[in-house]
S.K.: 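Take a look at this one; I'll ask things after.
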Amino acid sequence: MVIRAFAALLCLVNGLSIAVHAQADTAAINAHHGVILQYHHISNRTPASTSLAPKVFRQHLEILRDEGYRVKPLPELVAALQQGKPLPDRTVVITFDDAYDDIVKTAAPMLAEFGFPFTVFISTDFVDRHQPGYMSWDQLRTLQQSGVTLANHTRSHLHLLRQPEGVSDRQWLDTLRGEVDGAEQRIKDETGEHWRYFAYPYGEADDAIVKAIQSWGYVGFGQQSGAVDKRLLASGMAPRFPFNQMYQDLADFRLKASSLPLPVLEERAPGVVFDVATVPELALTLAPHQRTLTCFASGQGAINAIKQKDGRYLITGNRPIEVGRSRYNCTLPVAGQPGRFHWYSRMWIRKQNDGSWYPEP
Ligand SMILES: [Zn+2]
């Protein structure tokens, strides 16, 4: 750090540059953000959409070890962000959803070798039923004894948005509360852990569900990508970067692991769930910056991000979003740090044309 600051000073041409370099350097040791990585299976034998090969997972761990990252337990990141305490730059948290048994068999020994902490979000009914392919409570307790954080992923891994016909909003919220509080209680009964950290199954929820789960005292984690800061954590659905065989390029991993949150001052989006063909329009107001915002949509490549006279960006896809889950992602280069980007993501969910829910693969 000192060497880099000194090098920056040597390059100075005027007083303004001094201020800019000093600020960038302070940010590097006093970060108020982190990145949460999300995995499911670490295996060659499970579905591609939820699996990463052990070989590639090891490469991720090597990058985290060798390229200046600090891997922290989730509670440490949450506490620091909530309390406004600085974190080291490139703070990363590792999480696994669903409690598959390849985590204890394959991932945990590798993580122990690297000395990296991690979190498992558990859907407790699968563990309670001794469902093949899932960890047992004994295995989860063994992980816990080695410092692993155990947290909540509902009891039955239901789609929180799929409220059946004829079920009132009140009844549905009662069902969801039973799912969330029920899983928290099972984890507490079996392990004593009681963090009230909740990962949304499929990363799906609308604003009303997020508000409800927050009001029950949980810190929520989604599957829209991006780095996390205090604002995003307080939003009730903190971003995490999902990794699977579709995203296993190491350059892509470096880009995501080193990302920073987009400095959003205001955002407006037309809801989350769409019944008909829609091109959602997203409006973002950002803190002052000198770089160009670039946005992409799932399956569409680059999309429009047009700066208005009032400084807002209006972001629209090139065509309607596809049925299922999709995202708009936006990136902005970080000033003074080539190769690093501020990252923003918003998830959209489109039902089928007849208004029914799409099948989950
Ligand atoms: Zn899950």
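Both ligands and their constituent atoms are indexed starting at 1 by order of listing.
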S.K.: What is the name of the N/O/S atom of Asp98 that is nearest to the Zn ion (ligand 1)?
M.R.: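 Distance check against the Zn ion (ligand 1) picks out OD1 in Asp98.
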S.K.: Apply the test side chain to side chain contact (heavy atoms under 4.5 Å, CB included) to residues Ile63 and Tyr69: give CA-CA distance (whole Å), side-chain angles for both, the deciding distance (0.1 Å), then the verdict.
M.R.: CA-CA 8 Å; Ile63 289 171; Tyr69 293 89; 4.1 Å; yes
S.K.: Any idea which N/O/S atom from His157 gets closest to the Zn ion (ligand 1)?
M.R.: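 The atom in question is NE2.
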S.K.: Nearest 0.5 Å, what's the NZ-CG distance between Lys72 and Leu77?
M.R.: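 Rounded to the nearest 0.5 Å, the NZ-CG separation comes to 10.0 Å.
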S.K.: Verify whether the ring centers belonging to Phe198 and Tyr200 lie closer than 6.0 Å.
M.R.: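 That pair passes the under 6.0 Å test.
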S.K.: Near the Zn ion (ligand 1), is there an N/O/S atom from Asp97 that is less than 2.8 Å away?
M.R.: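 No.
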S.K.: Answer yes or no as to whether an N/O/S atom of His153 is found below 2.8 Å from the Zn ion (ligand 1).
M.R.: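 His153 does place an N, O or S atom closer than 2.8 Å to the Zn ion (ligand 1).
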S.K.: When you compare the side chain of Phe57 with that of Leu111, does any pair of heavy atoms fall below 4.5 Å?
M.R.: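 Side-chain contact under 4.5 Å: yes.
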